[in-house]
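Each remark here refers to the structure printed beneath this line.
Quick note: numbers below take in every heavy atom, side chains included, and nothing from hydrogens, waters or symmetry partners.
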2 protein chains.
Amino acid sequence: MARRLPGAGPPANDLTGKARIRNAALDLFAEQGVDATSLRAIASAAGVTVGLIVHHYGTKEVLREAVELAIVDRFSETIASVPLGSRPVDQIAAARDEAVAEMLSTNRAIVDYLRRALLDGSAERGDLVSRLSQLSAQQVHDLRAAGVASTKHTVGDQVVTIMVRQLGRLFLQPLVDRISREFDDDMGPSRTPPQLIVDVSH
Amino acid sequence: MARRLPGAGPPANDLTGKARIRNAALDLFAEQGVDATSLRAIASAAGVTVGLIVHHYGTKEVLREAVELAIVDRFSETIASVPLGSRPVDQIAAARDEAVAEMLSTNRAIVDYLRRALLDGSAERGDLVSRLSQLSAQQVHDLRAAGVASTKHTVGDQVVTIMVRQLGRLFLQPLVDRISREFDDDMGPSRTPPQLIVDVSH
DNA sequence: ACCAAGTCTGTACAACTGTACAGTAACTGA
DNA sequence: TCAGTTACTGTACAGTTGTACAGACTTGGT
């Protein structure tokens, strides 16, 4: 129940309550889904009370939007970490892809949240897909201006390709693992894991 | 509020209350997810009261299992509709795949439910994946016994391949459509839709 | 005709949900 | 030092949830 440590500066965990709430919400949303996660569970995970969540975010819906915004920001930062001028133009695209892939591989919660949010289909409450698409479209424009990206296809087609290639494998992988595990008893479990291939053709 | 029509035989809708409840549950579970679907919503969609759901299924969890069992049964029936002796052995596999694909294409609710259930990842409450995997494994055994299926790979690998090929595209398609729609404003909306490619390599 | 079984309704309830709000503690700048 | 803003707690509340249960209607067998 201790709030910010009395005398001395920032708490051991140097995040503000607002940020801790957002992080805890992302983790729980990713684990169990938004609907199945109560504000009380978030509060307890963040070490605060429900009242503080309401104070900072007002409603659960606003909190969810803040979580999504934080995810989009993470993508932005990651892409921006490989600026256009940093290396030969023909390597920029690959370098950015790799940076995003690495960011995602160290943030299981983001992948899990995105899987739920993007595959929901009809539920489309926020505009997460819009924001990520715009981010991706901006990248395509950058690369086109630098003369790297082909202009044979439309921007839309290229965005679909980028996003599906990046995310498709991550989304489907749990299913592959789950099915593989189903047969670990019969065969040796130490076999080469199946590799997913996800692409789109226009 | 009318129960089974008083004098004359079965109701216009010739399904029993128990089956109507199961069907309504599948539809709503697929649309909004299990957690977000209340028993009252199911009851209202099925034209019965909550009490009847409890009478027939006891708990929501049992109802969910009944829904999943019905899905697995549907797969079984579909595969069985193309018996081993019905045509040249080398066409059996393709014919069965096509039958399943057609069944899925006319049952959006099944696809939507499976997408949620199979991609949930950790949530794995029931053993839906187990049951579908076993069904698939049985099919592989049949085809091997008939000398059609290769024995180069393990059964597990072949099951993964079958299931991911069948389901992967269906699961990812909403994402592709959603992103494509994002760019319909910029480009003409009547373009050739992107085609998904999902496969696994071992 | 009668009874047992099955189908179905309506009401009730405790647990949990998101939200509201009044109050307390800490920090800020003048 | 003091006032104002911000961070935070604890309690309260109305709505919804899953489940329980008592009773009414219908059906099938003897």
Side-chain angles (χ1 to χ4, degrees), chain A residues 1-29 31-68 123 125-126, chain B residues 1-29 31-68 123 125-126:
Chain A
M1 314 299 187
R3 63 204 72 197
R4 293 277 274 283
L5 282 294
N13 182 342
D14 68 341
L15 287 169
T16 71
K18 194 173 181 180
R20 284 214 315 284
I21 290 169
R22 186 168 30 74
N23 290 347
L26 169 59
D27 287 343
L28 292 178
F29 286 170
E31 239 177 76
Q32 344 171 339
V34 176
D35 287 325
T37 303
S38 70
L39 292 186
R40 280 158 184 84
I42 297 170
S44 142
V48 301
T49 57
V50 218
L52 190 61
I53 300 183
V54 176
H55 169 70
H56 280 305
Y57 295 99
T59 70
K60 190 181 184 180
E61 176 63 17
V62 173
L63 172 56
R64 216 204 69 240
E65 276 164 23
V67 166
E68 297 198 347
R125 286 177 286 197
Chain B
M1 312 307 180
R3 68 205 69 200
R4 292 274 276 284
L5 281 297
N13 182 343
D14 68 343
L15 287 169
T16 73
K18 194 172 181 182
R20 284 215 314 284
I21 291 169
R22 184 167 31 73
N23 290 349
L26 170 58
D27 287 343
L28 293 178
F29 286 171
E31 236 177 78
Q32 344 170 339
V34 176
D35 287 324
T37 303
S38 70
L39 292 186
R40 279 159 184 83
I42 297 170
S44 142
V48 300
T49 57
V50 218
L52 191 61
I53 300 183
V54 175
H55 168 70
H56 278 305
Y57 295 99
T59 69
K60 189 180 185 180
E61 176 64 16
V62 172
L63 172 57
R64 216 204 69 242
E65 277 164 23
V67 165
E68 297 197 347
R125 286 177 284 196

Problem set entry | Gap between atoms NZ and P, on B/Lys18 and C/dA5 respectively (whole Å) | 17 Å
For this session: Mark yes or no for whether B/Tyr57, through its side chain, and B/Lys18, through its backbone, hold a donor-acceptor pair below 3.5 Å.
Result: yes
Exercise. If you measure from CD on B/Gln32 to CG on A/Asp35, what distance do you get to the nearest 0.5 Å?
Worked result: 9.0 Å
Exercise. Atom CG of A/Leu52 to atom P of C/dA20: distance rounded to whole Å?
Worked result: 15 Å
Problem set entry | Protein-nucleotide distance (A/Lys60, atom NZ; D/dG15, atom P), rounded to Å | 19 Å
Problem set entry | Gap between atoms CD1 and C1', on B/Ile53 and D/dG18 respectively (whole Å) | 11 Å
Problem set entry | Option among A/Leu26, A/Leu28, A/Asp27 that satisfies the side chain to side chain contact (heavy atoms under 4.5 Å, CB included) test with A/Ile42 | A/Leu28
Problem set entry | Partner set under side-chain contact (heavy atoms from CB on, under 4.5 Å) for A/Val50, not counting sequence neighbours | A/Leu39, A/Arg40
Exercise. What nucleotide among C/dG10, C/dT19, C/dT7 has an atom nearest to a side-chain atom of A/Leu39?
Worked result: C/dT19
Seminar exercise, completed: Here the distance between atom P of C/dT19 and atom CD of A/Glu61, to the nearest Å, is 9 Å
Seminar exercise, completed: To the nearest 0.5 Å, atom NE2 of B/His55 lies from atom CD1 of B/Ile21 at 9.0 Å
Problem set entry | Options C/dG10, D/dT9, C/dT17, nucleotide nearest the side-chain atoms of A/Arg40 | C/dT17
Seminar exercise, completed: Which of D/dT19, C/dT19, C/dC8 is nearest the side chain of B/Val50? It is D/dT19
Problem set entry | B/His55 vs D/dA20: side-chain N/O to OP1/OP2 distance below 4.0 Å | no
Problem set entry | Nearest-angstrom distance from the residue atom CZ of A/Arg64 to P of C/dT17 | 18 Å
Exercise. OP1, OP2 of C/dG18 versus side-chain N and O of A/Thr59: anything below 4.0 Å?
Worked result: no
Problem set entry | Rounded distance (Å) that lies between atom C1' of C/dA20 and atom OH of A/Tyr57 | 19 Å
Exercise. For DNA chain C, whose closest nucleotide is more 5', that of A/Ser38 or that of A/Gly51?
Worked result: A/Ser38
Exercise. Over how many whole Å does the gap from B/His56 atom NE2 to D/dA20 atom C1' extend?
Worked result: 17 Å
